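Ligands are counted one by one from 1 in listed order, and the atoms in each one are counted from 1 as well. Every value quoted in this text rests on a predicted model; they were computed, and no experiment measured them.
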Amino acid sequence: MFNAGRITDIDARKPLSPAAVAAIEAALDRDAVIVMPGQDITDSEQLAFSRNFGPLEDGANSGARDSELRLPLVFADVSNLDRRGKIAARDNRKRLAALANRLWHTDASFRVIPAKYSILSGRVVVSKGGDTEFADMRAAYEALDRRTKEEIEDLVCEHSLIYSRGQLGFTEFLPNERVAMKPVHQRLVRTHSVTGRKSLFLASHIGGILGWPRPEAMAFIRDLIEHATQREFVHVHKWTQYDLVIWDNRTTMHRVRRFDDLNQVRDMRRTTVRGDTPTAEQEAA
Ligand SMILES: [Fe+2]
């Protein structure tokens, strides 16, 4: 069983003591996903809270030009709202790109330095559907047989937004997304810098394994994702308004489940803490 941790004695809206920051980091090292209920937080409070854990990176609001965004660039707007705050139309390009969030993924694995923590605030939640599911990539790794562990130890995957969006047939990328689309290299097995535990670094952003024929690579990645998302490795988070959920992208995958997004408002705002280092060497630019 994979269960998220719960922190109820820290107010994320107020400045944190070093001890509180350390307690949250230790909880994430142990539990990988943390729920902090009852955090009715503003955007500026969320930014201040998030910066306790390191520099932030901009949200990849793919499909939308900057001028079409509802929130400052530093947020990933994971709502179903358009720039005016109205429910996005069925053919809204940002909506169509964001449907790839229903595929298992880790945030920003398509960046050379992939994300560390994601911090997601549930400002308006829906009563039916819209759960966020998390899979524990440490337990999934540990459950592999020895031969598979040896086989994958040094494999390097190519990650790009093009691959995850492409799985759903979305191809309308904008010029400013080209930087985020160039495939980057990530190790398939990574070791947590604090705990030393190994985990699978999987995402639907993967489009190949270096040195492998593409169909063979993709068939294998599918197998691994299927293995890693068996129920025993998965925690389902059902949202209550003002939940603040934090996860370590280095040790988990996640996905959002379907909900009635053309009729019900779901306003979720994500901040993303940058990771420290690349997991693999990159091709020369
Ligand atoms: Fe995500």
Side-chain angles (χ1 to χ4, degrees), residues 2 4 28 32-35 46 50 53 56-64 69-71 73-81 88 94-111 113-123 125-126 129-137 140 157 159-168 170 177 180-181 184 186 190 199-207 221 225 228-229 233-239 243-259 261 266-275 279:
F2 178 37
L28 283 162
V33 182
I34 296 293
V35 180
Q46 183 172 345
S50 303
F53 307 101
L56 306 186
E57 58 182 44
D58 287 347
N61 296 290
S62 58
L69 295 178
R70 183 175 69 107
L71 303 175
L73 272 179
V74 67
F75 282 92
D77 186 358
V78 204
S79 75
N80 60 333
L81 303 174
K94 180 170 179 294
R95 170 181 185 265
L96 297 178
L99 287 171
N101 289 328
R102 290 205 208 145
L103 306 178
W104 284 105
H105 67 283
T106 57
D107 290 332
S109 69
F110 48 81
R111 293 197 164 133
I113 297 179
K116 185 157 90 174
Y117 302 147
S118 290
I119 298 162
L120 187 56
S121 165
R123 308 291 176 87
V125 304
V126 294
D131 299 343
T132 303
E133 297 185 343
F134 295 93
D136 184 348
M137 295 295 100
C157 298
H159 293 236
S160 168
L161 273 172
I162 236 178
Y163 301 135
S164 49
R165 273 57 181 155
Q167 284 190 43
L168 300 185
F170 180 89
E177 290 171 329
M181 282 163 46
V184 303
Q186 306 289 1
R190 59 187 304 185
S199 57
L200 286 171
F201 195 30
L202 288 168
S204 60
H205 303 310
I206 293 176
I221 293 298
I225 289 179
T229 56
F233 305 131
V234 172
H235 171 78
V236 179
H237 180 68
K238 293 187 178 298
W239 288 88
D243 281 345
L244 190 67
V245 178
I246 313 173
W247 63 89
D248 189 338
N249 285 294
R250 301 169 299 181
T251 51
T252 55
M253 271 202 300
H254 61 278
R255 67 174 175 178
V256 66
R257 303 317 306 272
R258 189 164 185 254
F259 69 103
D261 79 311
R266 182 175 186 266
D267 187 350
M268 317 289 284
R269 305 183 187 199
R270 194 189 87 214
T271 37
T272 314
V273 180
R274 268 172 59 100
T279 67

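Within the protein, the number of N, O or S atoms lying under 2.8 Å from the Fe ion (ligand 1) is 3.
Side-chain polar atoms of Q186 and S109 form no donor-acceptor pair below 3.5 angstrom.
Every ring-ring contact (aromatic ring centres under 6.0 Å, His included) that W239 has, sequence neighbours left out, goes to H237.
One N or O on the side chain of N80 and one on the backbone of R266 form a donor-acceptor pair closer than 3.5 Å.
F201 does not carry R250 over the face of its six-membered ring by the limits of under 6.0 Å from the centre and within 45° of the normal.
Remark: aromatic rings of H159 and F110 are distant, center separation not under 6.0 Å. Aromatic ring centres of H254 and W247: separated by under 6.0 Å.
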